[in-house]
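I have placed the structure first, in the form of structure tokens, so that the comments after it can refer back to it.
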Amino acid sequence: MTREQAIADGLARVRARVAAAEQAAGRGPGSVRLLAISKKMPPDDVRAALAAGQRAFGENYAQELRDKRAALAAEAPAPEWHFVGPLQSNKVKYVAGQAALIHSVDSSALLAAIDGRGAPQACLVQVNVAGEAQKRGIAPEALPALLDALAAAKNVRCEGLMLIPPFDQDPRPHFAALRALRDREARHARPNVDLRELSMGMSDDFEAAIAEGATIVRVGTAIFGPRSPQP
Ligand SMILES: Cc1ncc(COP(=O)(O)O)c(C=O)c1O
């Protein structure tokens with residue numbers, strides 16, 4: 001089987017799983033967007049996914065996003081790039097104004113750096129629902145203040161929340177907790193803030209995320225296979 005065929009098959013399997021999970025959750029077809037995580041995959045893999053009808057791609061590293069975006073700028077239709085990784089303020093210049101959506105805003109300092117670029121930018125706030133020490137994401141108790149800062153931003157608007165659950169626990173209670181946080185904060189009207197998106201769910205757990213209200217699932221391995229090169 002060619003690499004192109006393997007990627008098309010992976011996409012078809014994931015689309016079928018998404019559709020089944022939408023149906024099981026009583027949600028309409030197409031209510032969940034599939035973001036293909038192309039981190040560490042070469043531009044030709046993105047071309048293969050584009051040829052199979054995938055449009056939205058997510059990257060974890062700022063320079064990789066910049067380079068892949070440049071390599072694929074001439075594709076028609078062009079990929080829609082999302083940034084899903086940890087973002088340091090000094091790398092914001094590679095991402096702000098380039099990504100359709102930055103999923104990983106988790107501090108007022110990062111927000112200020114993105115806003116300071118002067119380009120319109122949509123983002124999600126990454127929340128560390130489980131309070132894991134090593135994990136990026138803002139603590140739930142600090143979320144209202146960051147949303148208030150977003151409400152005052154000049155160029156950045158917030159479209160929802162994002163979560164990476166702990167690797168060693170049942171993710172579903174964490175997905176439910178993110179939705180509950182969203183529902184709570186959505187009751188406070190803020191300019192620039194419309195919490196319609198919940199970015200949660202990866203290859204192994206996106207059905208549970210869809211059952212808990214995910215609107216964007218971020219899927220890498222189940223489409224492209226393992227990220228480390230095979231011997
Ligand atoms: C933030 C984020 N979301 C989603 C994924 C995709 O994970 P998987 O390959 O398990 O689908 C990754 C992979 O690194 C990631 O970093």
Side-chain angles (χ1 to χ4, degrees), residues 3 6-21 32-42 45-46 48-49 52 54-68 79-88 91-92 94-95 99-107 110 114 122-130 132 134-138 159-172 174-175 177-178 197-230:
R3 180 76 182 141
I7 290 171
D9 287 359
L11 266 172
R13 279 195 303 272
V14 169
R15 286 185 189 127
R17 282 173 60 190
V18 168
V32 178
R33 291 177 68 200
L34 175 59
L35 182 63
I37 302 298
S38 47
K39 158 190 181 180
K40 295 190 179 166
M41 298 297 160
D45 282 9
V46 175
Q54 177 64 24
R55 288 288 164 271
F57 296 86
E59 290 288 336
N60 258 65
Y61 302 105
Q63 284 104 322
E64 191 174 343
L65 172 73
R66 175 198 60 187
D67 294 347
K68 230 174 267 181
E80 175 187 301
W81 293 106
H82 292 226
F83 189 76
V84 301
L87 188 54
Q88 294 158 304
K91 305 272 175 67
V92 161
Y94 302 130
V95 175
L101 190 61
I102 299 176
H103 292 228
S104 46
V105 172
D106 63 356
S107 71
L110 178 56
I114 297 171
C123 77
L124 308 178
V125 172
Q126 182 174 353
V127 186
N128 184 352
V129 169
E132 290 177 286
Q134 304 305 319
K135 200 54 84 57
R136 296 289 297 248
I138 194 163
E159 299 189 340
L161 304 180
M162 181 271 222
L163 167 73
I164 304 175
F167 294 113
D168 53 353
Q169 295 174 26
D170 176 5
R172 187 153 175 171
H174 301 286
F175 297 144
L178 191 73
E197 305 284 7
L198 288 176
S199 168
M200 54 188 196
M202 307 194 275
S203 289
D204 292 337
D205 58 19
F206 67 75
E207 283 94 344
I210 289 171
E212 294 294 350
T215 62
I216 303 175
V217 292
R218 310 180 306 265
V219 181
T221 313
I223 297 170
F224 296 108
R227 275 179 286 276
S228 42
Q230 298 302 293

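Nothing here was measured: the structure is a model prediction, and the numbers come from that model. Note that ligands are numbered from 1 as they come in the structure, with each ligand's atoms numbered from 1 the same way.
The two residues Ile7 and Ala48 have their closest heavy-atom pair at CD1-CB, 4.0 Å. The two atoms that bring Phe175 and Ala208 nearest to each other are CD1-C, 3.8 Å, heavy atoms only.
Remark: ligand 1 and Asn60 share an N or O pair separated by less than 3.5 Å (distance only, no angle test). Between Gly220 and ligand 1, at least one pair of N/O atoms sits closer than 3.5 Å.
Less than 4.0 angstrom separates some heavy atom of Lys39 from each of these atoms of ligand 1: 13 (C), 14 (O). Set against the non-hydrogen atoms of Val219, the atoms of ligand 1 under 4.0 Å away are 11 (O). For ligand 1, the atoms sitting less than 4.0 Å from at least one non-hydrogen atom of Ile164 are 1 (C), numbered in the order shown with element in parentheses. Counting the atoms of ligand 1 from 1 in the order shown, those under 4.0 Å from a heavy atom of Arg218 are 1 (C), 2 (C), 3 (N), 4 (C), 6 (C), 11 (O). Each of the atoms 8 (P), 9 (O), 10 (O), 11 (O) of ligand 1 lies under 4.0 Å from some heavy atom of Thr221.
Screening Gln54, His82, Glu59 for a side-chain contact (heavy atoms from CB on, under 4.5 Å) involving Ser38 leaves a single residue, Glu59. Results of the salt bridge (charged side-chain N to carboxylate O under 4.0 Å, His left out) test with Asp45 over Lys39, Arg227, Lys68, Arg3 single out Arg3 as the only residue that passes.
Defined by atom type and a distance below 3.5 Å, a donor-acceptor pair is present between the side-chain atoms of Glu197 and Thr215.
Of all protein heavy atoms, the one closest to atom 13 (C) of ligand 1 is Arg227 NH2, 3.4 Å. The protein heavy atom nearest to atom 5 (C) of ligand 1 is Met202 SD, 3.5 Å.
With Ser107 contributing its side chain and Leu110 its backbone, the two residues share a donor-acceptor pair below 3.5 Å.
Taking each of Pro226, Gly225, Ser203 in turn, the one with a heavy atom nearest to atom 8 (P) of ligand 1 proves to be Ser203.
Separating the CG atom in Asp67 from the OH atom in Tyr61 is a distance of 14.0 Å, to the nearest 0.5 Å.
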